[in-house]
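Structure first, commentary second.
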Amino acid sequence: MIPPGDIIAAAATAWGEAAIAVVRLTGGGSAALADSLFRGARPLSREPARRMALGYIMDGDAAVDQVLAVRFERGASYTGEESVEIQCHGGVYAARRCLELLKSRGARLALPGEFTKRAFLSGRIDLAQAEAVLGVVRARGDAELVSSGRSLQGELSLGLKKISSSLTALRAEIEARIDFPDDVGDEEYSSYAGRVSEISEKTASLLSRCRVGLTLANGVRVAIAGRPNAGKSSLLNAMLESDRAIVTDIPGTTRDTLDAAMIHRGMSITLVDTAGMRDAGRARPDPIESMGVERSRAAIRGADFCVLVLDASAPLEREDFEAARAAAARPTVLAMNKRDLGIVLSDADTKELGNFMAAVETSAPSGYGVNELKDALFEAALGSASPYDGMMATERMVSALGSARNCAEEAARALEEYRGADIAGSLLSEAAEHIASLLGEDASEELLDAIFGSFCIGK
Ligand SMILES: Nc1nc2c(ncn2[C@@H]2O[C@H](COP(=O)(O)OP(=O)(O)O)[C@@H](O)[C@H]2O)c(=O)[nH]1
Ligand SMILES: [Mg+2]
């Protein structure tokens with residue numbers, strides 16, 4: 001609960017030189033508090049709600065800044081509470097002064113995410129929507145923004161609520177029969193089982209869309225492995241369409257790993273160039289190079305996927321096998337590079353290296369096949385799902401949805417096997433609890449602190 005009169009204030013825009021800096025405050029009595037330092041044609045509390053008023057922020061008799069201010073009424077603001085927003089001139093000083101004045105009049109500085117937390121506590125948005133706000137703020141690509149917007153608008157919440165009410169209705173029906181198990185016929189059991197399966201399918205479909213949203217939010221990390229001179233750095237540059245990595249024909253040029261991010265079809269992909277697997281068994285291994293090889297292995301372990309680059313114009317070498325062994329730690333896409341020089345490697349050759357999700361012929365200098373390679377990575381991450389069907393979700397949400405689906409599936413099995421309506425009933429109530437946790441019903445203070453603590457101050 002929010003104590004009455006607890007007015008919080010924060011800068012809503014980033015500190016720095018900019019056109020405007022927005023300071024906002026929320027809580028019962030915000031407009032009256034703003035009246036104590038705003039001087040316009042009339043007190044802000046007497047201006048119509050949601051209408052900008054021009055005036056000055058006063059420190060005693062001195063004007064600190066000329067501002068535009070607006071008040072929002074309870075029930076019609078971001079937080080759901082009475083709120084005020086003051087647009088100071090950009091830069092740091094005027095807004096900071098305005099905040100200090102607000103503090104001296106009784107407001108306190110907001111904690112991270114406290115505005116959005118209040119929107120949740122006042123019931124204006126549920127937890128799934130609150131977390132989607134963060135998705136919008138952090139979006140790096142188009143698809144991610146679309147999926148966050150969708151969750152923010154409440155599409156995910158609506159899906160969850162529908163599942164929740166089907167669960168409740170069905171549970172009530174099943175539980176009413178528990179007291180008279182002998183009266184429950186086979187047909188009734190299988191009709192219940194059918195309805196539970198339907199719920200579990202709906203949950204699974206929501207889950208897969210949330211997985212897409214989570215993948216978009218996390219982005220994917222891809223390590224580029226292969227023997228020295230296969231063309232790893234060249235391919236990285238071609239994928240980025242910039243010369244990030246140094247390319248030479250001297251094997252072992254890349255000694256450290258290098259990260260670079262790009263967006264492909266709305267998804268953020270971080271490419272990690274690696275030093276390449278040099279034959280560790282050489283007579284006099286270079287110590288810096290050896291460290292690079294160790295880092296390459298660590299980079300692969302830290303990645304979601306791997307691209308194994310082969311010089312397809314030459315026969316396989318021992319180092320290719322070494323690189324393939326390291327890459328095998330992650331699902332891997334094969335790049336058959338140097339296609340322009342003529343491909344000599346056969347399918348049988350590459351089969352000896354292992355199993356791959358896809359193989360793409362590339363030629364780094366001309367960019368041939370590079371887009372296909374990006375597509376292959378995209379499909380490795382998202383399968384056939386369209387990124388634009390995603391719904392923004394967090395690990396917590398995906399895991400709760402997964403548990404709800406498991407409970408529903410198990411309940412359907414229990415009913416199919418006539419294992420008793422009571423087992424099914426309790427599994428369904430467990431599923432309902434997982435769904436409720438997604439919407440934030442009965443959320444603990446610790447959970448809320450963990451979620452909103454990752455927001456910025458002023459959001
Ligand atoms: N002809 C041709 N040369 C390539 C291709 N990719 C890379 N190279 C050349 O191969 C050499 C090694 O490339 P580099 O990207 O440094 O390989 P890395 O050691 O795997 O990072 C350089 O001289 C590149 O210009 C390609 O597709 N075709
Ligand atoms: Mg290199």
Side-chain angles (χ1 to χ4, degrees), residues 221-262 269-282 285-300 302-303 305-330 332-346 349-350 353-354 356 358-377:
R221 216 175 151 76
V222 177
I224 304 183
R227 79 161 138 89
N229 258 355
K232 298 178 295 299
S233 299
S234 306
L235 264 183
L236 175 121
N237 288 340
M239 290 212 261
L240 296 173
E241 292 171 34
S242 80
D243 287 339
R244 274 297 302 275
I246 299 171
V247 172
T248 73
D249 54 6
I250 306 163
T253 306
T254 311
R255 286 157 174 252
D256 203 348
T257 58
L258 178 147
D259 285 22
M262 58 167 207
I269 301 178
T270 300
L271 299 172
V272 188
D273 191 13
T274 68
M277 297 299 160
R278 286 213 90 177
D279 192 348
R282 279 176 312 150
D286 172 347
I288 299 177
E289 231 179 82
S290 308
M291 281 164 74
V293 170
E294 202 24 66
R295 285 207 184 167
S296 306
R297 291 189 201 280
I300 291 167
F305 300 98
C306 222
V307 170
L308 177 64
V309 184
L310 300 177
D311 176 350
S313 72
L316 291 177
E317 292 176 15
R318 226 170 80 177
E319 289 163 329
D320 289 311
F321 286 90
E322 211 163 303
R325 255 196 307 281
R330 291 289 173 268
T332 299
V333 172
L334 204 56
M336 308 281 284
N337 195 37
K338 306 201 184 180
R339 178 188 188 272
D340 52 300
L341 300 180
I343 290 186
V344 303
L345 293 181
S346 68
D349 290 330
T350 56
L353 287 174
F356 303 98
V360 182
E361 293 181 5
T362 58
S363 184
S366 71
Y368 179 93
V370 166
N371 221 37
E372 286 71 12
L373 183 58
K374 290 184 192 178
D375 282 347
L377 289 171

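Counting starts at 1 for both ligands and their atoms, in listed order. Since we're looking at a predicted model, the values are computed, not measured.
- Using a 4.0 Å cut-off between heavy atoms, Leu341 contacts ligand 1 through its side chain alone, with no backbone atom that close.
- Ligand 1 places these atoms under 4.0 Å from at least one heavy atom of Ser363: 27 (O).
- Between Pro365 and ligand 1, a contact under 3.5 Å exists for no N or O pair.
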Side-chain donor-acceptor contacts of residues 332-339 below 3.5 Å, not counting sequence neighbours, with atom names and distances?
from   : atom 1 : to     : atom 2 : distance (Å)
Thr332 : OG1    : Ala327 : O      : 3.1
Thr332 : OG1    : Arg330 : O      : 2.7
Asn337 : OD1    : Thr362 : OG1    : 3.0
Asn337 : OD1    : Ala364 : N      : 3.3
Asn337 : ND2    : Ala230 : O      : 3.0
Lys338 : NZ     : Asn229 : O      : 2.8
Arg339 : NE     : Glu361 : OE1    : 2.9

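- With sequence neighbours excluded, the residues that form a side chain to side chain contact (heavy atoms under 4.5 Å, CB included) with Glu317 are Arg227, Glu319, Asp320.
- Considering backbone and side-chain N/O atoms, Lys338 comes within less than 3.5 Å of an N/O atom of ligand 1.
- Interatomic distance, CG of Asp273 versus CG of Asp259, reported as 9.5 Å (0.5 Å rounding).
- Between Gly226 and ligand 1 there is no heavy-atom distance shorter than 4.0 Å.
- In the model, Ser234 has no side-chain atom that pairs as donor or acceptor with a side-chain atom of Asn237 under 3.5 Å.
- The distance criterion of under 3.5 Å between nitrogen or oxygen atoms is not met by Asp273 with respect to ligand 1.
- Using a cut-off of 2.8 Å, one finds that Thr274 contributes no N/O/S atom close to the Mg ion (ligand 2).
- Interatomic distance, CG of Leu316 versus CG of Leu353, reported as 5.0 Å (0.5 Å rounding).
- Under a 3.5 Å cut-off, the side chain of Lys232 and the backbone N or O of Thr274 do not form any donor-acceptor pair.
- At least one N/O-N/O distance between Ser234 and ligand 1 falls below 3.5 Å.
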